[in-house]
**Q** 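This structure is in structure tokens; I'll ask about it shortly.
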Amino acid sequence: MKDYNFKEIEKKWQKYWEDTNYGISADSSNKPKFYSLIEFPYPSGSGLHVGHCMMYSATDAHARMMRLKGYNVMFPMGWDAFGLPTENYAIKNKIKPQVATAKNVETFIRQQKSLGYSFDWNREINTTDPDYYKWTQWIFLQFYKHALIGGKLVEVDDDDTTTPRLAYRAEMPVNWCPSCKIILANEEVINGKCERCGTGSLKRVQKQWMLRITAYADKLIDGLSTVDYEEKIKTQQINWIGKSVGTNIIFDVKGRSGTIHDEEIEVFTTRADTLYGCTYVVLAPEHPLVTKLGHHVQNFEEVSEYISETKKKSDLERTELQKDKTGVKLYGVFAINPINGQEVDIYVADYVLASYGTGAVMAVPAHDDRDFEFAKKYGISTVQSITDKLDNILTLDKAYTDYGFLIDSAEFSGLSSSEGKKAITEKLKAKRLGDFAVNYKLRDWIFSRQHYWGEPIPIIHCDKCGMVPIPEDQLPLTLPDVENYEPTDDGQSPLAAITDWVETTCPVCGCKARRETDTMPNWAGSSWYFIAYAISQKLKVEGQKQSGNIFDDNKDLLDYWMPVDLYNGGNEHITLHLLYSRFWNIFLHDLGVVPSSEPYAKRINHGIILGPDGQKMSKSKGNVINPDEMAAQYGADTLRTYMMFIGPYNQDSAWSMAGIQGVFRFLRRVWGNIEKVSGVADSKELLLKLNQTILGVTEDLEKFQMNTVVSKLMELNNTIEKVGAISLESYSKFLRLLFVTAPHIASELWELAGLDGNIGSGSWPEVDSRYLVADQIDVVIQINGKVRGKISVSPNTPKESLEKLAFASDKIQPYLNDKEIVKIIVIPDKLVSIVVK
RNA sequence: GCCCGGGUGGUGAAAUGGUAUACACGUUAGCCUUAGGAGCUAAUGCGGGAAACCGCGUGGAGGUUCAAGUCCUCUCCCGGGCACCA
């Protein structure tokens with residue numbers, strides 16, 4: 001027997017798979033389809049990370065099983081290639097981002113192929129490819145051309161400026177780095193500081209493109225009940241959307257000389273039942289009413305100063321110092337509590353957020369911790385009066401925020417909190433001073449970036465016609481070649497400096513006009529790539545010629561492939577990417593271009609591979625494991641199998657050199673064990689273990705319990721060694737199981753054993769339940785719950801016999817002497833449990 | 001503060017309420033070898049004992065059950081997410 005020469009074997013089979021199109025899926029088939037999606041990588045300059053290998057190894061194993069089980073499996077790969085690191089690299093090294101991307105992609109493909117992953121290379125996509133981003137732009141235009149009214153999509157005319165389009169422009173506070181003089185994406189702000197230079201980022205108001213994801217908030221919540229995601233993912237998404245149901249309440253505003261007409265304060269509350277306890281009203285510093293009240297406010301100077309102080313605070317300061325609430329009372333003006341006509345004070349305080357609800361709240365210190373704290377600090381209501389009101393329910397140091405029954409609330413007293421909310425809101429509604437209202441924490445999605453390396457937003461600004469979408473048959477709007485990728489000083493995209501690109505003519509009136517110079521965020525291309533795989537050949541072949549819409553033209557493909565059956569990815573994408581891409585898919589479904597409302601039927605998350613020191617891998621810590629080096633030392637099969645064996649799939653695991661060494665030993669022993677293949681009939685012990693392994697490995701692969709898949713294969717190999725012989729038929733089953741984790745060695749051994757055809761075109765082994773039962777089974781005898789003996793019996797021995805055999809056992813006699821037998825429980829094939837007194 | 005995970009040998013970890021510690025690493029002893037960071041065999045939860053065996057053991061305290069790592073109540077610790085969201 002030759003040595004296990006993994007280098008030679010792996011090269012041979014990788015070529016074979018390439019030559020025979022292993023992994024290439026058909027667009028039509030009489031087999032059932034299975035769409036297995038993994039998050040496509042950002043092709044960074046540092047190449048494949050072992051974390052990628054962990055996800056690829058596990059999903060590749062699963063895909064191989066599904067193929068053997070007779071599915072037409074789509075297991076595609078592509079490149080999420082727009083993004084800042086490439087742009088920064090381009091700036092630094094004076095290399096075109098297009099060139100850098102192509103080089104990185106080449107490296108990724110080489111690495112992936114060298115590990116034998118069975119991706120469908122015919123479907124490769126790249127978000128930076130104009131054939132691809134043509135359709136990213138097309139989808140953007142559909143957002144621009146549509147609005148969601150009453151849950152239904154409606155088309156919006158080009159000159160309509162009032163209907164709320166799903167893509168719109170708005171003045172938005174953005175993160176501004178005063179040192180780099182650029183606008184930062186949220187992802188570039190780490191703990192309130194610029195990722196590049198560490199300077200604290202400031203808020204700056206600028207016109208931004210927005211996607212109205214909030215219009216889809218309810219659909220995004222409701223859709224979760226139809227998909228198979230871990231509970232953790234669902235709750236995280238629901239929390240992120242943050243739906244809260246409550247009441248909007250209108251307080252009239254009164255000055256020294258009576259009611260100030262036309263001015264009112266609208267607050268949002270989830271606790272309308274506590275309205276009688278309202279002692280003051282608070283406005284966010286950014287609330288427009290504050291400046292409007294102007295001369296009515298006696299201490300307006302003090303108030304203005306407070307507001308400008310707030311503006312100077314960074315996000316970090318405003319949130320980190322949350323315990324220390326600040327604010328200013330507006331002297332000379334009052335708000336009228338609409339339920340009882342009571343005058344209450346008005347404050348401005350930055351613990352109230354302009355961006356949530358109405359930017360104003362009613363304060364009920366007795367029933368809200370934040371109001372309580374603020375009231376205590378500014379002596380607004382005495383603690384004594386709160387306790388009086390609450391009939392001693394309240395302890396002196398905190399608000400009573402639980403539900404209960406209303407007191408001191410006129411005709412509403414005695415109602416439960418939930419009854420009270422409803423009754424009070426109904427009364428306000430009748431007086432036209434309030435109504436039921438829903439709010440979301442979710443904000444609309446800031447969809448523009450002032451960078452070069454992204455999809456250009458296909459809009460033209462015309463002085464006469466306003467914003468005009470580029471006609472769809474003129475897409476894609478491609479990125480121009482530029483010399484300089486640096487953002488400009490005033491926070492504009494580098495595209496703004498390319499005059500001959502910016503200057504264009506209006507598609508409507510033909511006048512001189514300017515192109516939009518912002519680009520899309522790198523979440524854009526990844527929000528529909530799972531759809532693109534199904535039609536990827538069409539993107540390449542017809543992308544430029546297509547005049548209609550590629551989705552409608554290829555409805556049959558989308559109907560066949562969608563939705564994704566299994567989506568595999570990282571925990572870091574549970575909120576943003578998963579939410580964004582669900583949003584796009586639901587929108588496209590509403591538009592009628594994709595068949596299913598939800599894009600992913602099932603989602604599985606993987607953990608992170610940590611360095612050998614248990615720390616997150618990083619160059620600076622020097623604990624980075626390079627997959628190329630590992631594959632060179634131990635082979636692709638060992639690396640793949642170890643990546644599955646390293647620990648529970650959805651849990652973080654630390655790399656271990658001893659661990660990969662152990663897996664290598666396993667494969668080398670498997671290699672040698674081909675000598676145990678014989679013409680002799682299999683022992684019952686081997687048949688039992690083999691069938692247990694088929695059953696267990698199948699179940700574990702389906703559940704992505706990859707570590708036990710490997711341990712079960714090891715157990716079977718141990719049994720082969722122990723028994724010393726295995727029939728060719730049984731061996732072929734073992735190899736097919738092994739094929740999913742270590743496909744190269746399994747293919748080679750298949751050939752060496754002289755088995756027919758190729759292992760990959762066979763079928764998944766079936767369990768023969770005749771062999772699942774052992775000849776003899778150990779049945780445990782328990783006395784008072786403790787194991788005191790064992791009897792070896794044949795399976796299905798009747799209860800009565802088991803009981804007799806148990807009492808006949810010498811082992812247990814000492815425990816029965818002089819004891820009264822209270823109870824006997826017999827579980828066939830398991831145990832006899834005797835209770836004595 | 002709120003919402004998720006998770007605490008099991010020396011280590012990574014297994015266990016449809018039914019023999020806790022499979023599998024792997026490590027360790028120890030022996031074999032083989034010129035040699036081994038190679039291979040093979042055996043042992044390996046802790047305490048006691050020459051052994052048979054006994055006692056104790058899944059973060060802690062209770063509970064349900066003939067039987068609990070697993071179910072229930074309370075509690076401690078670790079990791080992650082959200083966080084002044086009214």
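Note that the coordinates shown come from a computational prediction; the quantities given were computed from them, not determined experimentally. In what follows, every chain begins at residue 1, and chains take the letters A, B, ... in the order their sequences are listed.
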**Q** I'd like the C1' distance from B:G26 over to B:U11, given in whole Å.
**A**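 7 Å, rounded to whole Å.
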**Q** Which is true for A:I824 with a 4.0 Å heavy-atom rule: it touches a base, it touches only sugar-phosphate, or it touches nothing?
**A**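 Result for A:I824 = nothing.
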**Q** Just to be sure I understand the rule, does A:S355 reach a base, reach only the sugar-phosphate, or reach nothing, if contact means heavy atoms closer than 4.0 Å?
**A**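 No contact.
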**Q** Give one of base, sugar-phosphate or nothing for A:V835, where a contact means two heavy atoms less than 4.0 Å apart.
**A**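 The answer is sugar-phosphate, as A:V835 gets under 4.0 Å only of primed atoms, P, OP1 or OP2.
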**Q** For A:S656, which contact category applies under a 4.0 Å heavy-atom criterion: base, sugar-phosphate, or nothing?
**A**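 No contact.
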**Q** For A:I233 and B:G80, give me the distance from atom CD1 to atom P, rounded to whole Å.
**A**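 The distance from CD1 of A:I233 to P of B:G80 comes to 18 Å, rounded to the nearest Å.
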**Q** Check whether any side-chain nitrogen or oxygen of A:Y356 sits under 4.0 Å from OP1 or OP2 of B:A86, and answer yes or no.
**A**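 Answer is yes, contact under 4.0 Å.
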**Q** For atom P, what is the distance between B:C4 and B:C54, given to the nearest Å?
**A**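 Taking atom P in both B:C4 and B:C54, they lie 45 Å apart.
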**Q** Under the side-chain contact (heavy atoms from CB on, under 4.5 Å) rule, collect the residues that match up with A:V767, sequence neighbours excluded.
**A**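 Scan of A:V767 (side-chain contact (heavy atoms from CB on, under 4.5 Å), adjacent residues dropped) gives A:N691, A:I694, A:L695, A:L772.
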**Q** Is A:Y815 touching bases, backbone alone, or none of the nucleic acid, heavy atoms closer than 4.0 Å?
**A**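 A:Y815: backbone/sugar contact only, no base atoms under 4.0 Å.
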**Q** Counting only side-chain heavy atoms from C-beta out, which of B:C84, B:G18, B:A86 sits nearest to A:L831?
**A**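 Nearest to the side-chain atoms of A:L831, counting from C-beta on, is B:G18.
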**Q** For B:G81, does OP1 or OP2 lie under 4.0 Å from any side-chain N or O of A:Q237?
**A**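 No, A:Q237 has no side-chain N/O under 4.0 Å of OP1/OP2 on B:G81.
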**Q** For B:A29 and B:G18, measure between their C1' atoms and round to the nearest Å.
**A**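 Each nucleotide's C1' atom is 36 Å from the other's.
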**Q** Is A:R603 paired with A:E39 through a side-chain N to carboxylate O contact shorter than 4.0 Å?
**A**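 Salt bridge present between A:E39 and A:R603.
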**Q** Distance check: side-chain N/O of A:R788 vs OP1/OP2 of B:U19, anything under 4.0 Å?
**A**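 No, outside the criterion.
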**Q** Starting from the 5' end of RNA chain B, give me the residue, A:K790 or A:R443, whose nearest nucleotide shows up first.
**A**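 In this pair, the answer is A:K790.
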**Q** By the 4.0 Å heavy-atom rule, please label A:Q236 as base, sugar-phosphate, or nothing.
**A**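 Contact class for A:Q236: sugar-phosphate only.
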**Q** Let's test this: given Watson-Crick or G-U wobble pairing with both distances under 3.5 Å, identify the partner of B:U19.
**A**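 When the pairing criteria are applied, nothing turns out to pair with B:U19, so the answer is none.
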**Q** Partner of B:A50 by Watson-Crick or G-U wobble geometry, both contacts under 3.5 Å, or none?
**A**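 B:A50 is paired with nothing.
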**Q** Check every atom of B:A86, B:C66, B:A14 against the side chain of A:I825 and return the nucleotide holding the closest atom.
**A**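 The nucleotide sitting nearest to the side chain is B:C66.
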**Q** Is there a Watson-Crick or G-U wobble partner for B:A14 with both distances under 3.5 Å, and which nucleotide is it?
**A**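 Pairing partner, where one exists within any strand: none, as none qualifies.
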**Q** Starting at CD1 of A:I777 and ending at C1' of B:U19, how long is that distance when rounded to a whole Å?
**A**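 Answer to the nearest Å: 14 Å.
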**Q** State whether A:D345 and A:K329 are salt-bridged, where the test is any N-O pair (Lys NZ or Arg NE/NH1/NH2 against Asp/Glu carboxylate O) under 4.0 Å.
**A**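 Yes, A:D345 and A:K329 are salt-bridged.
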**Q** Counting side-chain heavy atoms from C-beta on, which of B:C3, B:A86, B:G18 comes nearest to A:T270?
**A**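 Of the options given, the side chain of A:T270 lies nearest B:A86.
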**Q** Counting any heavy atom closer than 4.0 Å, what does A:E231 reach on the DNA or RNA strands: base, sugar-phosphate only, or nothing?
**A**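 Nothing: the residue A:E231, judged by heavy atoms under 4.0 Å, touches no strand.
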**Q** For B:G79, give its Watson-Crick or G-U wobble partner with both distances under 3.5 Å, or none.
**A**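 Base partner found: B:C4.
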**Q** Counting any heavy atom closer than 4.0 Å, what does A:K232 reach on the DNA or RNA strands: base, sugar-phosphate only, or nothing?
**A**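 The answer is sugar-phosphate, as A:K232 gets under 4.0 Å only of primed atoms, P, OP1 or OP2.
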**Q** For atom C1', what is the distance between B:U27 and B:U34, given to the nearest Å?
**A**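 Rounded to whole Å, the distance is 27 Å.
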**Q** Side chains of A:D371 and A:Y351: is there a donor and an acceptor less than 3.5 Å apart?
**A**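 Short answer, yes.
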**Q** According to a strict under-4.0 Å criterion, is A:K786 in side-chain N/O contact with OP1 or OP2 of B:A68?
**A**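 False: A:K786 side-chain N/O out of range (4.0 Å or more) of B:A68 OP1/OP2.
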**Q** With both distances kept under 3.5 Å, what pairs with B:U41, Watson-Crick or G-U wobble?
**A**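 Paired with B:A29.
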**Q** Applying ring-ring contact (aromatic ring centres under 6.0 Å, His included) between A:Y216 and each of A:W445, A:F583, A:Y580, report the one that passes.
**A**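 The single option meeting the ring-ring contact (aromatic ring centres under 6.0 Å, His included) with A:Y216 is A:F583.
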**Q** Using the P atom on both, measure B:A13 against B:G6 and round to a whole Å.
**A**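 Result for the P pair: 13 Å, nearest Å.
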**Q** Among residues at least two apart in sequence or on other chains, which ones pass side chain to side chain donor-acceptor pair (under 3.5 Å) with A:Y356?
**A**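 Only A:S244 meet the side chain to side chain donor-acceptor pair (under 3.5 Å) criterion with A:Y356.
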**Q** Would you find more than 12 non-hydrogen atoms of other residues, nucleotides or ligands less than 6.0 Å from A:K621 atom NZ?
**A**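 Count over threshold, so yes.
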**Q** Rounded to whole Å, please give me the gap between NE2 in A:H573 and P in B:G81.
**A**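 Taking NE2 of A:H573 and P of B:G81, I get 13 Å after rounding.
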**Q** Give me, pair by pair, the N or O atoms of the protein and of nucleotides 22-24 of chain B that are less than 3.5 Å apart, along with how far apart they are.
**A**
residue : atom : partner : partner atom : Å
B:A22   : O2'  : A:E715  : OE1          : 3.3
B:A22   : O2'  : A:E715  : OE2          : 3.3
B:A24   : OP1  : A:N718  : ND2          : 3.3

**Q** Within the modelled atom types, does a donor on one side and an acceptor on the other bring the side chain of A:Q782 and the base of B:G18 under 3.5 Å apart?
**A**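 Yes.
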**Q** P atom, B:A52 versus B:U44: distance in rounded Å?
**A**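 Rounded to whole Å, the distance is 11 Å.
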**Q** Would you say the side chains of A:T575 and A:Q236 form a donor-acceptor pair under 3.5 Å?
**A**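 Note: A:T575 and A:Q236 side chains miss the donor-acceptor criterion.
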**Q** Considering only the P atoms, how many Å lie between B:A68 and B:G81, rounded to the nearest integer?
**A**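 Each nucleotide's P atom is 38 Å from the other's.
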**Q** Could you check how far CD of A:Q633 sits from P of B:G37, rounded to whole Å?
**A**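 Answer to the nearest Å: 16 Å.
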**Q** What salt bridge (charged side-chain N to carboxylate O under 4.0 Å, His left out) pairs are there with at least one residue in residues 783-803 of chain A, not counting sequence neighbours?
**A**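 Residue pairs passing salt bridge (charged side-chain N to carboxylate O under 4.0 Å, His left out), neighbours aside: none found.
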**Q** Quick check: on RNA chain B, is the nucleotide nearest A:D778 upstream (toward 5') of the one nearest A:T235, or the reverse? Name the residue that is more 5'.
**A**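 Per heavy-atom nearest nucleotide, the more 5' residue is A:T235.
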**Q** Does A:K325 make a side-chain donor-acceptor contact with the base of B:C84, cut-off 3.5 Å?
**A**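 A donor-acceptor contact between them is present.
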**Q** Counting only distance, no hydrogens or angles, is the base of B:U16 paired donor-acceptor with the side chain of A:K830 under 3.5 Å?
**A**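 Result: at least one qualifying N/O pair found.
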**Q** Under the side-chain hydrogen bond (donor to acceptor under 3.5 Å, both in side chains) definition, can you give me all pairs with a residue in residues 644-653 of chain A, not counting sequence neighbours?
**A**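 Listed by first then second residue: A:N568-A:Y649.
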**Q** Could you tell me how far apart A:E572 (CD) and B:G5 (P) are, to the nearest whole angstrom?
**A**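 Checked: the CD to P distance equals 19 Å.
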**Q** Would one find a side-chain N or O of A:Y4 under 4.0 angstrom from OP1 or OP2 of B:A38?
**A**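 The answer is no; no side-chain N or O of A:Y4 sits under 4.0 Å from OP1 or OP2.
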**Q** Heavy atoms from C-beta onward define the side chain here; which of B:A15, B:G18, B:A86 lies closest to that of A:Q705?
**A**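 That would be B:A15.
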**Q** Enumerate donor-acceptor pairs with a distance under 3.5 Å from any side-chain N or O in residues 825-833 of chain A to protein atoms, sequence neighbours excluded.
**A**
residue : atom : partner : partner atom : Å
A:D829  : OD1  : A:N796  : N            : 2.9

**Q** Under a 3.5 Å limit for both distances, which nucleotide forms a Watson-Crick or G-U wobble pair with B:G9, could you say?
**A**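 Per the H-bond distance test, none.
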**Q** When you check the gap from the basic side-chain N to the acidic O, do A:D218 and A:K243 get nearer than 4.0 Å?
**A**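 Between A:K243 and A:D218 there is a salt bridge, with a charged N closer than 4.0 Å to a carboxylate O.
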**Q** For A:Q651 and B:A13, what is the distance between atoms CD and C1' respectively, to the nearest whole Å?
**A**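 So the two atoms are 9 Å apart, to the nearest Å.
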**Q** Which nucleotide, in any strand shown, forms a Watson-Crick or G-U wobble pair with B:A86, with both distances under 3.5 Å?
**A**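 Checking every strand shown, B:A86 finds no partner, since no pair has both distances under 3.5 Å.
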**Q** Please measure how far the C1' atom in B:G12 lies from the corresponding atom in B:C66, and state the result in whole Å.
**A**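 One C1' to the other, the span is 36 Å.
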**Q** Is B:G9 syn or anti, taking syn as a glycosidic angle within 90° of 0?
**A**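 Syn, which is what one calls it when the glycosidic angle falls within 90° of 0.
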